[in-house]
Amino acid sequence: MKDAHGLPRSLLVLGGTSEIALATARRLIARSTRTVWLAGRPSPALEEAAESLRALGADTRTVAFDALDPASHETVLGKVFADGDVDLVLLAFGVLGDQAHDERDPLRAVHVAQTNYTGAVSAGLVAGRALQTQGHGSFVVLSSVAGERARRADFIYGSSKAGLDAFAQGLGDALHGTGVHVMVVRPGHVRGGGPLSTTPEAVATAIELGLRRRSETVWVPGVLRVVMAALRHTPRALFRRLPL
């Protein structure tokens, strides 16, 4: 169960090598988290991530999970929930792709869409149902500011995140009143160096605060909420000309 501040004692990360997810896990371990499952494709990087969290005192286990194999999601995640209640599921997997190359190779574009959206829909429904069955827990989805409005520079990635964002909001509505809290996190470009970029550590801090407040939507940095509200209503002819 969560601690008195609404922070989890157990954490399941879908996308166990994600920088943001690992920064969040480290922050939560420093607060209250004692058990962590890192789900991802078996690799040295996944094992190294698990070992780094064990060094912080968390009982950390790895789980073989492939976003592109939806048929396995119920079995794989079911084993985690069968081992004990999960206070927080953090959906953190995704691929950025390469817009210039992906436009010329539809199969590469489909790979981005299947990973970021189709895989997330499958895993999200399985995790959401498991949290509902146990009667409590939070489900945090790493979306992106890129999903707010498609840009020429990354519309394949952005469209996949737009779908994910809409799905997560709908899942939150579906689970409202069941004891399950769904939170959508919309970071700016991570480590981009620009005025609206962010870092894994900043996103982790925002996630912790959002969990304490039981927020439904979190922007990182917070000023992006205002910026994107303006961009959403910018006339398309003008939007095309902006240096975004």
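All values derive from a computational prediction rather than experimental measurement.
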Going by side chain to side chain contact (heavy atoms under 4.5 Å, CB included), Thr33 matches just one of Asp59, Leu88, Leu28, Leu53. Which one?
Leu28
Does this structure show an ion pair linking Asp87 with Arg9, if we count only N-O contacts that are shorter than 4.0 Å?
no
Pair His73-Ser122, side-chain donor/acceptor within less than 3.5 Å
yes
Modelled atom types, side-chain donor and acceptor of Asp173 and Gln169, under 3.5 Å:
no
Ionic contact status for Lys79 with Glu74, cut-off 4.0 Å
no
Gap between atom CZ of Arg241 and atom CG of Leu238 - 0.5 Å precision:
6.5 Å
Would you call Arg27 and Glu201 a salt bridge, taking side-chain N to carboxylate O under 4.0 Å as the test?
no
Going through the distances and angles, do Arg186 and Val218 end up as a side chain to side chain contact (heavy atoms under 4.5 Å, CB included)?
CA-CA 6 Å; Arg186 297 171 179 158; Val218 173; over 6 Å; no
Step by step, work out the side chain to side chain contact (heavy atoms under 4.5 Å, CB included) result for Phe139 and Leu171.
CA-CA 10 Å; Phe139 184 50; Leu171 182 63; 3.6 Å; yes
If hydrophobic clusters are built by linking Ile, Leu, Val, Met, Phe, Trp and Tyr wherever their side-chain heavy atoms come under 4.5 Å apart, do Val141 and Leu12 end up in the same one?
yes
Let me confirm one number: the CG-CG distance from Leu90 to Leu38, rounded to the nearest 0.5 Å.
10.0 Å
Please evaluate residues Glu103 and Arg152 with respect to the criterion salt bridge (Lys or Arg N to Asp or Glu O under 4.0 Å), reporting the C-alpha separation (whole Å), side-chain torsions for both, the decisive distance (0.1 Å), and the verdict.
CA-CA 11 Å; Glu103 284 183 40; Arg152 173 66 185 91; 2.6 Å; yes
For the residue pair Phe167 and Tyr117, categorise the inter-ring angle as parallel (less than 30°), tilted (30 to 60°) or perpendicular (more than 60°).
perpendicular
